[in-house]
Structure formats: structure tokens, C-alpha cells
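Written below as C-alpha cells is the structure these notes are about.
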Amino acid sequence: MKLTLHIWRQESPRTKGKFETYFLNDLDTHMSVPEMLDHLNEKLIKEEKDPIAFDSDCREGICGQCGFVINGHIHSPEKHATTCQTHLRSFKDGEELFLEPFRAKAFPIKKDLCIDRTALDRIIAKGGYISVNTGQAPEANSILINHDTAEAAFDAASCIGCGACVASCKNASAALFTAAKISHLALLPQGKMEANKRVKSMVSQMDMEGFGACSFTEACEAVCPQGISISHIVTMNREFWKE
Amino acid sequence: MVDSKVPPGPIQEKWTKFKAQAKLINPSNRRKYKVIVVGTGLAGSSAAASLSELGFQVDVFTFHESPRRAHSVAAQGGINAAKDYKNDGDSVWRMFYDTIKGGDFRSREANVYRMAECSLSLIDQAVAQGVPFAREYSGYLSNRSFGGVQVSRTFYARGQTGQQLLQGAYQALIRQTEVGQVKLFNRHEMLDLVVDQGKTNGIISRNLDTGEMKIHMADAVILATGGYGKIYYLSTLAMNCNATAIWRAHLRGAYFAAPSWTQFHPTSLPQLGEYQSKLTLMSESLRNDGRIWVPLKAGDNREPNTIPEGERDYYLERKYPSFGNLAPRDISSRAAKEQIDNGNGIGPLKNAVYLDFRDAIQREGIEVIKKRYGNLFDMYKKITGMDAYKTPMMISPSAHFSMGGLWVDYELMSNLEGLFVLGEANFADHGANRLGANSLLQACVDGYFIAPHTVMNYLAGMKPNINKDQKSGEMALQESKARINKLLEIKGSRTAEEFHKALGKILYQKCGLSRERNLLLEAKKELKALREEFYRELLVPGNASQFNLELEKAGRVEDYLGLAQLIVEDALQREESCGAHFRVEHQTSEGEAKRNDNTFKYVSVWESLPNEEYKLHKEDLEFLEIPLTERSYR
């Protein structure tokens with residue numbers, strides 16, 4: 001299989017980047033996208049060129065480390081898939097692909113396709129937890145949780161923190177990411193106690209990091225690898241305005 | 001002989017007594033002590049959070065961009081606890097028994113008992129943190145069963161249990177950064193351990209974004225850096241999993257126990273081509289409802305659904321009628337290998353077996369199966385493009401979990417004073433084979449419930465922040481810098497990736513699912529040659545003072561090459577079969593692992609000497625509670 005790749009190359013956060021073009025004509029349709037880049041990198045290194053820096057770790061769509069934009073698709077042209085779960089069978093032989101990093105003010109580019117998403121950690125630090133110390137917990141079955149509530153909390157908690165929601169948003173809003181955590185914890189009886197404080201401080205940190213506001217275009221849900229629903233944003237807003 | 005420091009007394013009372021008698025530090029004095037934690041998976045995050053909640057200063061290092069990306073995140077199936085919520089006869093004792101037997105009598109009784117005991121509070125802790133475990137409609141927690149046991153003691157959050165538990169631990173950790181008790185060093189890799197006269201004083205780190213290298217001193221160091229199955233190149237592990245921290249600690253004097261005991265997971269996706277970089281795991285929980293089979297006739301190329309019942313061999317059900325498809329991992333993997341070696345394998349490379357849900361779907365309906373395994377079936381489809389609701393999954397064994405690791409005593413401290421090793425990075429609880437859903441448990445128990453007591457006990461015996469001789473740190477720093485420069489200066493013609501692939505091939509073929517003296521001797525020679533070639537031919541682009549992913553990789557491969565030699569040494573030395581370590585020369589007439597308790601009832605504990613020589617120490621294992629028996633699942 002043949003592909004022409006236009007890949008965003010940027011030396012460091014402060015330098016200017018540009019697309020560079022690479023031709024590959026010995027690809028296998030079962031290769032994943034990161035495996036294609038591994039293959040290209042091996043060639044580049046041997047030609048004494050700088051290999052392409054890209055994030056990727058678990059390669060099974062759960063660690064949230066990978067992700068870039070392929071022909072304008074966040075992560076992947078496939079629905080609810082991460083970049084690492086995207087295989088070349090998703091493309092046509094001879095196709096041209098443009099690969100570029102997730103773009104948002106709050107996600108500075110480190111090098112090429114690698115970005116810095118620590119802003120998301122700083123949002124979690126402002127209350128994305130239940131304040132329980134080790135040793136304080138009561139017997140697990142003393143907290144009953146309705147099956148459907150537990151499932152809904154799980155749906156929200158399944159966020160992998162990849163930042164696709166931010167990259168897909170015309171305002172670069174982290175509303176879906178933030179809402180998923182707020183909703184996960186607010187749904188559970190254990191998390192209700194701190195719900196109000198949590199939503200206020202997490203939302204304020206989200207704004208401080210330079211993420212934009214949510215204007216409800218629903219683009220984030222469409223690209224989220226875990227298919228997290230924008231209904232959690234509604235929950236977040238409701239929690240925010242609660243007294 | 002090494003001393004495991006197991007406290008005296010009845011096994012049921014050892015841990016309670018240890019805690020009661022452990023030395024304490026006054027809360028207002030705790031902040032004077034600094035503990036370094038390397039690794040932010042379940043063991044590292046939970047230990048760091050718990051220690052800082054107690055009041056210690058904790059510096060946390062991870063090579064990841066965020067602690068939440070650590071590989072605990074990928075564990076799918078579940079976590080065991082002896083809650084006996086099913087009233088099916090479970091107890092701490094039974095879990096202890098199952099784990100000892102599952103580990104083929106090569107683990108330490110006292111540690112295993114403690115893990116089973118602490119499993120009860122761990123579930124409580126996770127629920128309190130908001131981990132959304134599966135629930136019954138009544139609101140109570142739900143359980144399922146896992147390989148190697150006959151009770152249902154596994155708690156789970158769909159197929160993302162590891163991710164959910166890690167979120168809990170990560171959130172606890174992040175909460176401590178907010179109160180200023182934890183200092184987080186993201187994108188920092190530990191390159192060496194600072195040791196002075198047998199005492200651990202700190203670590204050397206490299207900032208992976210800038211290349212800056214630094215000494216960090218502390219009163220104690222905890223390594224929770226996970227397993228090294230990625231040494232086989234093709235494995236279920238993440239691309240960046242590595243042995244660098246534990247291998248460098250080993251070279252500084254920390255003993256390495258049972259390095260060759262690696263578990264091959266029976267239900268991963270098979271390799272399809274040379275370009276492949278990993279083998280994705282499909283949770284073992286699938287074996288609750290899926291039936292494993294191969295065509296009776298070797299080389300049968302028909303579509304699986306057209307092969308009639310009478311021409312299928314459900315070999316696990318046939319060979320192990322009482323455990324069937326839920327036989328433990330080592331046994332299931334070996335049975336699959338046997339079918340593949342006999343030519344009955346399926347798939348394009350004939351390297352797989354079927355895992356079939358046809359009967360379960362007919363029995364329970366597609367909706368029930370979707371609910372149980374939906375995300376796993378989706379993942380299978382994303383990776384293979386195939387629909388497992390309609391056609392059986394193809395699975396094959398893959399390098400997965402390291403039972404071996406740095407040797408630790410009952411307090412999880414290595415032979416180096418002040419060096420603690422937690423989770424998969426240590427050798428302790430799983431013996432020669434780990435039971436499914438025990439790894440998340442061990443990582444959590446080590447971090448939340450054991451290290452806080454044993455680390456405080458250790459620190460209480462010393463003054464905080466004593467003026468340490470900086471010389472050992474300075475020396476280690478210079479050595480690390482020299483090592484990195486050396487890699488860059490080779491300027492050969494082969495990439496780190498190529499060396500890693502070559503290494504993996506040698507280990508898979510000659511020190512994998514089965515081992516044999518002749519092949520191990522060949523592997524030894526080949527590994528030596530490969531390592532020499534590495535230092536002659538390695539090609540690393542760029543320099544040391546920049547963001548350089550290839551340089552990171554090269555350092556990790558270098559350490560893997562060192563560890564691989566010790567792995568083969570260990571496999572050669574152990575002239576018996578036990579658990580995942582299957583020596584072809586030592587098998588029963590039925591082809592099962594044949595232990596030699598007279599000669600090998602010990603853990604091999606290795607010390608590396610200069611010039612690739614190794615000294616063997618032994619930890620004798622005593623089985624006072626559970627009599628040694630042949631492990632049978634028939």
C-alpha cells in the first residue's frame with residue numbers, strides 16, 4: 001500500500017512549524033497509524049534525518065497518550081477510535097494524509113506531533129476527586145448504588161484524558177473533559193458531599209488554563225474515543241448553578 | 001541465604017502484629033522526611049498518596065506526560081477480593097490457598113496471606129474513592145469468576161477495571177499535589193539509584209523534555225515501575241514500559257529474584273505481520289463465556305462457523321474438565337502452544353486458536369453478552385476489523401506479566417537499605433504464575449496498605465534529612481551522563497528498535513513459553529553477541545540535551561539487553577518446571593509442569609558481579625500452612 005504523508009514538523013515549542021512530505025510505498029493495510037510512523041522513523045533515522053516525534057504508549061486506546069489530527073479528523077476517520085486504534089485499512093491506497101497535532105492554546109506543542117496536556121491534570125487537581133484518605137473507607141456494600149447510576153458514573157469516568165474534545169472544539173473548550181469528572185463524582189453518593197465546591201473550582205481552573213467556553217456544538221461527543229455524552233456538560237452546568 | 005524477615009507467630013496474626021509493633025513517627029515530625037516514589041501506576045500513586053496523607057514529603061517521578069497514563073490503566077478484567085459476597089465459600093484462607101497453588105508453590109506464604117487479608121479493605125477504599133464497580137440491580141456490588149479458582153471473587157468495572165482503579169489512585173495523588181505535600185516530576189526518567197555503603201540515598205533523573213540530569217536525595221526510595229514483559233518486544237505491555245529503574249538498582253546491588261518467570265497471557269490477539277509493535281490483550285474474563293477450540297484436523301482452512309461440532313477440539317474442556325476454559329493462564333497458554341505447534345493453529349499465520357461466543361449468545365442472548373463484554377468486542381473490531389458476535393475471536397499467547405522482579409523482604413524492602421519495591425516491579429506474591437485479577441490487587445495493597453506502615457517503620461529508625469555525602473550522588477550523575485553520551489557516540493547503522501526486535505525474537509524462541517537447555521545455551525551466546533553488536537552498531541539521532549524519544553528508547557533497550565542475559569541464566573539454572581517456567585526436560589507423562597521440591601523449593605535471588613557474572617543467593621520457601629502438592633486442574 002502507498003501513502004503520501006504531510007506531517008507537521010516543529011523543532012520546539014518556540015520555533016515555527018511546517019508540513020513536510022514523505023512518500024511510503026511499502027505499507028501493509030493491517031498496520032496501525034503509529035506502526036506506520038515507526039516504519040517511517042526507522043527510515044528517517046537511517047537517512048540521518050530527525051525522526052518524527054509522536055505520542056503513543058498503550059496502543060490499545062486506553063492510556064490517552066496518543067492522538068493527532070489526520071486529514072482534519074481528530075484522532076481518526078473512524079468513529080470513536082483513538083489514533084493508535086486506526087489502521088491503514090481506513091485509508092485508500094495512494095491517499096494523501098495530513099498529520100498535525102491537536103491544536104489548542106492550552107496544549108502547547110512540544111515537538112512535531114507531541115503536545116503538553118498537563119493543563120488537564122491541573123483541572124483535576126482543583127477537586128476532581130473524593131477527599132478520602134487511605135484507611136477511612138466504610139465497608140463497600142454499605143454504600144448502595146443503583147445499577148443504572150453506577151453505569152452512568154462509569155460512562156463519565158471512562159474518559160481517557162486524551163484531549164480530543166478540546167481539539168475538536170472551535171473554542172478549544174475542555175467542557176466535556178471537565179464535565180465528565182464532575183458528573184462521574186456528582187452521580188455517586190460518595191462524591192455528592194463536595195460536588196458544589198468541586199464544580200466551582202474545576203470550572204474556574206478550566207477558564208484560567210485558557211480553554212474556551214462551551215457553545216454546545218456537540219463536536220466533542222462525536223470524536224470522543226469513549227463516546228462520552230455531552231449530557232454530562234448539562235449535568236456540570238446544573239451542578240454549577242446549584243445553591 | 002537471604003532473610004525475608006517474616007514475623008513469627010500464626011499466619012493469621014503476622015500482619016496485625018507487625019502493624020501493632022511497627023515504629024511510628026510523630027505527625028509533626030513526618031514532614032521532615034522525604035520519600036521518593038518512582039512510577040505512578042497503581043502501586044506508585046497509591047503509595048505516594050497514602051504516605052503524603054500521613055504527612056511525609058513525597059517526590060514523585062514518572063516518565064509519562066501525566067501520572068494517569070501509567071500502564072495499570074490497561075488492565076481490563078478485574079480485581080480479586082475475598083469478600084464472599086456470593087456466599088460461595090470464599091474466605092481469606094481460600095484466596096490464600098488459590099494464590100499459593102496458582103503460583104505453583106513458589107511464593108512466600110506470609111506475603112500471600114497478607115495480600116488476601118488486605119483485599120477486603122482495598123475494595124472499601126476503591127469504592128470510597130468513587131471507583132464505579134459493576135453493581136447488581138439491588139445496588140450491591142457484583143462479582144464474576146476468573147481463571148484458576150472456583151469462586152466468584154472478582155470485582156470489575158466493565159472491561160476497564162485497571163483504568164478505573166488508576167483514576168482513583170491518580171486522583172488521590174493529584175489531590176496531594178494540590179495541598180503541596182506531593183511534588184510531581186512528570187516526564188522525568190530515573191536513570192540510576194544513588195547508593196552509599198548499602199544505603200539508598202536518592203536517584204538520578206533525566207528531564208525528558210529538556211535533557212537536564214539531576215541528583216535527587218531522599219530518606220527512602222520506592223520503586224513502583226511495573227513489569228518488564230516488553231523485553232519480549234511483542235507483548236501486551238505499552239510501548240514505553242521498561243526495566244531501567246529496577247535494572248539500574250540491581251546493578252547498584254539490589255538483588256533480582258526469579259527474573260525468568262514471565263507469564264504469557266493466553267488471550268491476546270495474534271501477530272499478523274512483521275511490522276507489528278504489540279499484541280493487544282483481550283481480558284481473561286472472556287473465558288467465562290467464550291469456549292476455546294481448534295479444528296480437530298490440522299490445517300483445516302474452513303470458515304470456523306462451517307466446522308461442525310464433531311470436528312472441533314475444545315481442548316481445555318477435554319483436558320481439564322473441572323476448570324475447563326477457566327484453567328490458569330500458564331496452563332491455558334501452554335495448551336494453546338501445543339495445539340499451534342501440532343499444526344492445529346488457525347489464522348493467516350496459523351498462530352492462534354478460536355475463542356467462540358456462539359453458545360453463550362444462544363444461551364443468554366446477544367444483549368447480555370454485549371453488556372458483559374461490549375467494549376472488548378468493540379476493541380476487537382477496531383483492531384482486527386472483525387465482528388466477534390458473528391465469528392469466533394482469534395487469540396494467542398503473549399508475553400504479559402513479570403512474576404520476577406527485585407527481591408523484597410516482608411516489609412517490601414530490598415536488600416539495599418531504604419529501597420522499597422512495590423507492585424509488579426517486585427517479586428513477592430505470585431510465585432511462578434499469577435492468577436488473573438491478582439495483579440491490580442497486589443499493586444493496590446502494596447501501595448495503600450503495606451508501604452505506609454513499613455516505610456514509616458524504616459524511617460522511624462533514622463534521623464530525617466541527615467547530611468548525606470553528596471559524593472555518591474555526584475558519581476552516579478557523572479556515570480549516567482557518560483552512559484548516555486556513549487550511546488550517542490556509537491553512530492552505527494542499526495536503530496534501537498531493531499535491536500529490541502532481535503532481542504524479542506531470541507527470547508520468544510529460546511526462553512519463552514517453554515525452555516530447554518540446548519536452546520537456552522544458544523540464547524546465551526546470541527544475547528552476548530547481540531549486546532556486543534549493540535555497543536558497536538547502535539544508531540541514535542540527535543543529542544542529549546533535547547527532547548529525544550530515540551535516546552529514551554536506546555537507554556531502555558540497553559538495559560533490556562543486560563536483563564535478558566540474567567533471565568536466560570535464571571532459566572538455565574532452574575532444572576525443574578514450575579508455573580510459567582516450563583523446562584521441556586522436566587514434565588510429567590501427561591505433559592504438565594513437574595516441580596522438583598527437593599532441590600528447588602527456593603526463590604533464586606541474583607546478584608550481578610562485574611563481567612556479566614552472577615552470584616546466586618537463595619530464599620528458602622517454607623510451606624507450613626499449605627502442604628506441597630502437585631498442582632492439578634484436571
Side-chain angles (χ1 to χ4, degrees), chain A residues 28 30-31 34-35 38-39 42 45-46 48 50-51 53 55-65 78 81 85 87 89 110-111 116-118 120-121 124-126 128-134 136-141 143-147 150 153-154 157-158 160-161 184-185 188 190-191, chain B residues 49-50 53 64-66 68-69 71 73-74 83 85 121 123-125 127-130 132-137 139-141 157-158 160 163-164 167 171-172 174-175 177-178 186 209 238-240 272-273 275-278 280 379 382-383 385 448 452 493 495 497-498 539 541-542 547 549-550:
Chain A
D28 188 302
H30 292 301
M31 271 180 172
E35 283 165 352
D38 288 344
H39 180 66
E42 291 295 292
I45 296 167
K46 294 202 166 174
E48 297 190 21
D50 191 22
D55 283 318
S56 159
D57 199 29
C58 78
R59 297 204 174 173
E60 51 189 81
I62 193 71
C63 75
Q65 178 70 28
E78 301 294 334
Q85 292 174 302
H87 294 77
R89 58 178 171 265
K110 286 186 178 180
K111 187 178 179 190
D116 179 352
R117 284 162 293 191
T118 45
L120 299 181
D121 286 332
I124 297 293
K126 291 294 172 191
Y129 41 73
I130 292 170
S131 301
V132 54
N133 283 0
T134 304
Q136 287 179 322
E139 154 58 39
N141 258 346
I143 310 169
L144 295 187
I145 302 170
N146 171 289
H147 170 273
F154 177 93
S158 69
I160 60 173
H184 157 216
L185 297 175
L188 298 171
Q190 310 93 296
Chain B
S50 304
E53 285 161 13
H64 287 287
E65 170 216 19
S66 159
R68 67 180 295 156
R69 315 239 183 258
H71 197 54
V73 79
K83 286 280 201 187
Y85 285 164
S121 335
I123 297 302
D124 302 343
Q125 180 65 27
V127 167
Q129 288 174 340
F133 287 125
R135 300 264 167 178
E136 310 288 353
Y137 279 97
Y140 290 100
L141 287 151
R158 273 182 235 166
Q160 289 169 231
Q163 187 214 14
Q164 293 307 311
Q167 293 271 312
Q171 288 164 200
I174 285 281
R175 171 175 161 238
T177 63
E178 190 56 17
N186 290 338
D209 284 346
M239 299 310 289
N240 296 306
L272 295 173
Y275 53 82
Q276 205 155 323
S277 58
K278 81 162 281 167
T280 300
M379 187 158 144
K382 276 179 192 167
I383 292 166
Y448 285 116
S493 61
T495 62
E497 192 84 1
E498 286 175 297
L539 174 59
F547 184 102
L549 295 171
E550 280 301 313

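Naming convention: chains lettered A, B, ... in sequence-line order (proteins, then strands); numbering from 1 in each chain.
- Only the side chain of A:Asp28 comes within contact range of chain B, judged by heavy atoms closer than 4.5 Å.
- In the model, A:Arg59 has no side-chain atom that pairs as donor or acceptor with a side-chain atom of B:Thr280 under 3.5 Å.
- A salt bridge is absent between B:Lys382 and A:Glu60: the closest approach of a Lys/Arg side-chain nitrogen to an acidic carboxylate oxygen does not fall below 4.0 angstrom.
- Among B:Glu178, B:Arg69, B:Gln129, the residue making the largest number of heavy-atom pairs under 4.5 Å with chain A is B:Arg69.
- B:Gln163 touches chain A through its side chain: at least one heavy atom from C-beta onward sits under 4.5 Å away, while N, CA, C and O do not.
- Here the shortest heavy-atom pairing between B:Val127 and A:Ala140 reads CG2-CB, 3.9 Å.
- With values rounded to the nearest 0.5 angstrom, B:Gln171 atom CD is found 10.5 Å from A:Ser131 atom OG.
- The heavy-atom pair separating A:Ser56 from B:Asn240 by the smallest distance is O-ND2, 3.4 Å.
- Of the atoms belonging to B:Phe133, it is backbone heavy atoms, and not side-chain ones, that fall under 4.5 Å from chain A.
- The ring pair (Phe, Tyr, Trp, His ring centres under 6.0 Å) search around B:Phe547 returns none, not counting sequence neighbours.
- Scanning for side-chain contact (heavy atoms from CB on, under 4.5 Å) contacts around B:Ser50 gives A:Thr134, B:Tyr448, B:Pro452, with sequence neighbours left out.
- Using a 4.0 Å cut-off between charged nitrogen and carboxylate oxygen, B:Asp209 and A:Lys110 count as a salt-bridge pair.
- Here the shortest heavy-atom pairing between B:Gly130 and A:His184 reads O-NE2, 2.8 Å.
- In this structure, A:Thr118 and B:Asn186 approach most closely via the heavy-atom pair CG2-ND2, 3.6 Å.
- Remark: A:Arg117 engages B:Glu65 in a salt bridge, criterion side-chain N to carboxylate O under 4.0 Å.
- Contact detail for B:Glu550 and A:Pro51: the closest heavy-atom pair is CG-CG, 3.8 Å.
- Here the shortest heavy-atom pairing between A:Ala157 and B:Pro132 reads CB-CG, 4.1 Å.
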